[in-house]
There are 2 protein chains.
Amino acid sequence: MPESANKPRKRNAAATREAILRSAHECFVRSGYDGVGVREIAAGAGVTAMLVNRYFGSKESLFAEVIARDLDAPTILTPETLASPTLARDMARLIVAVTDSQARTLDGFQMTFRSAGSTRAAELAKEQIERFHHQRLAGVLSGDKAAERAAIILSLVAGVQILRQMIGLDALSKADPDVLAQLIEPLIAALIALPKA
Amino acid sequence: MPESANKPRKRNAAATREAILRSAHECFVRSGYDGVGVREIAAGAGVTAMLVNRYFGSKESLFAEVIARDLDAPTILTPETLASPTLARDMARLIVAVTDSQARTLDGFQMTFRSAGSTRAAELAKEQIERFHHQRLAGVLSGDKAAERAAIILSLVAGVQILRQMIGLDALSKADPDVLAQLIEPLIAALIALPKA
DNA sequence: GTCTATAGAAAGATAGAC
DNA sequence: GTCTATCTTTCTATAGAC
């Protein structure tokens, strides 16, 4: 290889940037914003800490970019579930599936909750959740109080995720997924249906 | 004051210990385990950082004691609600009340979730929540799958708290409390009732 | 019982070589 | 484009005076 003999090492800027983002994602999901340092993120990407700040300016800017990427797509509201005639049942099963201890679907939420000690992280997450998750869910719920009903559905998802996936409450993490889905289905059905008043 | 002229300053051991615990409570609720330092906790108690470690050995031991105190009592399951003939309605209203942005009732949960980045904090919280909150709630739910139903009730509480109180989702934090209670009531009713199968 | 002072590690961020 | 080396701050925890 005569032509590239004096190139510094191997990667280009785009690949390095992506590697840092990916490592930061893993670290923030695992330990939250305050629980991980720039050095650890850099090591996970195979670079040095200095490059992280060079590419993203600061740890906070990096976090903002990671969380924006992770919370930019709805999770329990996929096109498939929407088109289904058994929406409540499908959604209940999906909630149970994505909150499994091994599931990674809700990484964005997990990162958010694990970083909830940081006020700035909560602000960033609020914006994204409202824009991408709540607004879309509320949009498909017809009738009165759609915003509140959508928010309560999100609350149920968030709560199950936290107690099942993060806290590891035995009654949830060791439960039969089918049982959980059966118990959650009527709740979703009640929130999808029009309120009585 | 001739007799106590050479006493160091003012307090006794018990009062100092209590002041540190109280300050630590406030700090951990606000910023989570990783988000606050021993110096800040000490300053809030009017002492120096050294005393914190002298009384509690380490920051982690202090946290363990604080979270044990905060999670030692059930919150949505008070004697009053239990005796009520309209249990579901009362519990729904109570959930809305204790997750108000100004409410302090669920400080223990809030501290837990804000500290969820720390694995150790999650372990400590799991033990307490299972022992004091989940077990008692499951105990009053008759019929099959009581443990799972109780856990889902706790999930709903936790989820609403997080999105309403910590994230500040507008649809929840700016909503009419009565509307929220009306929407939550049938969910609680469905979980209190015996499962169909 | 409480203090000042500090040790030792680790944090975020930057300077400058190559 | 990536590195080593370092600055500055902050952290937990400890030593020793009074």
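Just so we're on the same page: letters track the sequence lines, and every chain starts at 1.
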Does [X] reach the main-chain N or O of [Y] with its side chain, forming a donor-acceptor pair under 3.5 Å?
{"X": "B:Arg89", "Y": "B:Pro186", "value": "no"}
{"X": "A:Gln165", "Y": "A:Asp100", "value": "yes"}
{"X": "B:Arg93", "Y": "B:Ala181", "value": "no"}
{"X": "B:His133", "Y": "B:Leu154", "value": "no"}

Counting heavy atoms not belonging to A:Arg54, are there more than 12 under 6.0 Å from its CZ?
no
What about A:Leu172 and B:Ile192, same hydrophobic cluster or not, with Ile/Leu/Val/Met/Phe/Trp/Tyr joined at side-chain heavy-atom distances under 4.5 Å?
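Yes.
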Using a heavy-atom distance cut-off of less than 4.0 Å, which residues of residues 29-39 of chain A contact DNA chain C?
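Those residues whose heavy atoms fall under 4.0 Å from DNA chain C, taken from residues 29-39 of chain A in numerical order, are A:Val36, A:Gly37, A:Val38, A:Arg39.
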Any idea which of C:dC3, C:dA13, C:dT2 is nearest the B:Thr48 side chain?
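Taking heavy atoms from C-beta onward, the closest nucleotide is C:dC3.
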Closest to the B:Arg54 side chain: C:dT14, D:dT2, C:dG1?
C:dG1
For the residue pair B:Arg164 / B:Ser173, report whether a side-chain donor-acceptor contact shorter than 3.5 Å exists.
no
B:Ser115 side chain to B:Ser118 side chain, donor-acceptor N/O pair below 3.5 angstrom:
no
Hey, which sits more toward the 5' end of DNA chain D by its nearest nucleotide, B:Glu60 or A:Ala49?
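So the residue in question is A:Ala49.
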Atom pair distance, as rounded to whole Å: [atom1] in [X] and [atom2] in [N]:
{"X": "B:Asn53", "N": "D:dA15", "atom1": "CG", "atom2": "C1'", "answer": "13 Å"}
{"X": "A:Arg17", "N": "D:dT2", "atom1": "CZ", "atom2": "P", "answer": "13 Å"}
{"X": "A:Lys59", "N": "C:dA10", "atom1": "NZ", "atom2": "P", "answer": "15 Å"}
{"X": "B:Ile20", "N": "C:dG1", "atom1": "CD1", "atom2": "C1'", "answer": "11 Å"}
{"X": "A:Leu51", "N": "D:dT4", "atom1": "CG", "atom2": "C1'", "answer": "12 Å"}

So what does B:Phe56 touch, heavy atoms closer than 4.0 Å: a base, only the sugar-phosphate, or nothing?
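If one applies the 4.0 Å heavy-atom cut-off, B:Phe56 turns out to touch nothing in the nucleic acid.
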Measure the acute angle between the ring planes of A:Phe28 and A:Tyr33, then classify it against the limits of 30° and 60° as parallel, tilted or perpendicular.
parallel
Is any side-chain N or O of A:Thr16 closer than 4.0 Å to OP1 or OP2 of D:dT2?
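The answer is yes; a side-chain N or O of A:Thr16 sits under 4.0 Å from OP1 or OP2.
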Reckon B:Tyr55 has a side-chain N or O less than 4.0 Å from the OP1 or OP2 of C:dT2?
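For C:dT2, OP1 or OP2 has a side-chain N or O of B:Tyr55 closer than 4.0 Å.
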When you compare the protein's N or O atoms with those of nucleotides 15-18 of chain C, which come within less than 3.5 Å of each other, and at what distance?
none

